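Only heavy atoms go into these numbers, but all of them, side chains included; no hydrogens, no water, no symmetry mates. This structure is a prediction, so every number in the text was calculated from the model and none was measured.
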Amino acid sequence: MSIAASNELVKFGPSWGLFPQNLKEAMEFAELLSKSSLIPKHFHGRPGDILVAIEWGLEVGLKPMQALNNIAVINGRPSIWGDAALALVRSSGLLEYIDERIEGDTAVCRIKRKGEPETIRTFSMEDAERAGLLKKPGPWQQYPKRMLQMRARAWALRDVFPDVLSGIAIAEEAGDIEVEAMPSQQPTPAVEMKIERREEPLHKVVGNLLLDFVGGDLEEAKRFAREALGLPEDAKLEGKWLLQLTEDELQRIKARIEAERRQPSLPTEETA
């Protein structure tokens, strides 16, 4: 059943819209949107990214078109713009108040969750200079106060409302981190070699890959690890269990993740 031919996919009323019923229809929907000039340019011709953005939007409470306008894929990870993140927190009913202001050369965000003490997060011009942000072309040179505000807000929202945001990054912050870690979108071989030489413990590398692959769900990460290692379903993985694995076991999990990512997203006509 195609989207164009399905009457069941269209709901009318205050919140009418298209609602794909299965993966095939979702991919058709994403393919259709990827050809539209009305969606953000970074989604043009990228139905896979569109589908991921919509799925993340549903996770945090955004409708499909809201998700496309407020979620960006930065450095391979979905991120939400700061204004949309604040809107989600406001609509959650858990926010008692938020106060954002610029005091001298420092952005201050005071935020209070119902039933919890006030939290204060700041970001100053000194912080921005130390992070190498002030020399970047773009908004840090054009609108430094606004960027300071977004950094302070990002820290406050992520620290106080991680459940509302489901661990999704704040786009303004993620964009800066991406540029700091990768000086260009198409790094030269020399830069790539430099990145590869950063010596991170293997358990940390695998842990980050694993959590990213399963969307941050710790129990799903354990299930995936048990399956990759051939362990029984009731095998206990407690505490800092990654540290207890051998290098060979960590490499097996890493290889399994890479193999899963190489699998096609949709079944072919022959295998369907």
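- The hydrophobic clustering, which links ILVMFWY residues whose side-chain heavy atoms are closer than 4.5 Å, places Phe224 and Leu237 together.
- Crowding of Gln142 atom CD: a count of heavy atoms from other residues, nucleotides or ligands under 6.0 Å exceeding 12.
- Residue Glu249 holds its CD atom at 10.5 Å from CG of Leu242, rounded to the nearest 0.5 Å.
- For Arg110, the CZ atom counts as densely surrounded, since its 6.0 Å shell holds more than 12 non-hydrogen atoms of other residues, nucleotides or ligands.
- The number of heavy atoms from other shown groups lying within 6.0 Å of CD (Glu129) does not exceed 12.
- In this structure, the separation between CD1 on Ile80 and CG on Leu86 is 10.5 Å, given to the nearest 0.5 Å.
- Note on Leu209: it clusters hydrophobically with Leu229, by side-chain heavy-atom contacts below 4.5 Å among ILVMFWY residues.
- Within 6.0 Å of CD in Glu247 there are 12 or fewer heavy atoms belonging to other residues, nucleotides or ligands.
- Residues Arg223 and Glu233 are not paired through a salt bridge, judged by the lack of any N-O separation under 4.0 Å between the basic side chain and the carboxylate.
- Summarising the geometry, atom CG belonging to Leu62 is positioned 8.5 Å from atom OG belonging to Ser91; distances are rounded to the nearest 0.5 Å.
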Step by step, would you call Val160 with Leu95 a side chain to side chain contact (heavy atoms under 4.5 Å, CB included)?
-> CA-CA 10 Å; Val160 181; Leu95 176 66; over 6 Å; no
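- Rounded to the nearest 0.5 Å, atoms CD1 (Ile253) and CZ (Arg226) are 11.0 Å apart.
- No continuous path of hydrophobic side-chain contacts links Val108 to Ile98 [ILVMFWY only; heavy atoms under 4.5 Å].
- The pair Arg113-Glu96 fails the salt-bridge criterion, with no side-chain N (NZ, NE, NH1 or NH2) lying under 4.0 Å from an Asp/Glu carboxylate O.
- Among residue pairs with one or both ends in residues 108-128, those qualifying as ring-ring contact (aromatic ring centres under 6.0 Å, His included) are Phe123-Trp155; sequence neighbours excluded.
- Ionic pairing of Lys112 and Glu116 is not present here: no N-O contact between side-chain nitrogen and carboxylate oxygen is shorter than 4.0 angstrom.
- Note: Ile102 CD1 to Gln149 CD = 6.0 Å, rounded to the nearest 0.5 Å.
- The CD1 atom of Ile111 sits 4.5 Å away from atom CZ of Phe161, with the distance rounded to the nearest 0.5 Å.
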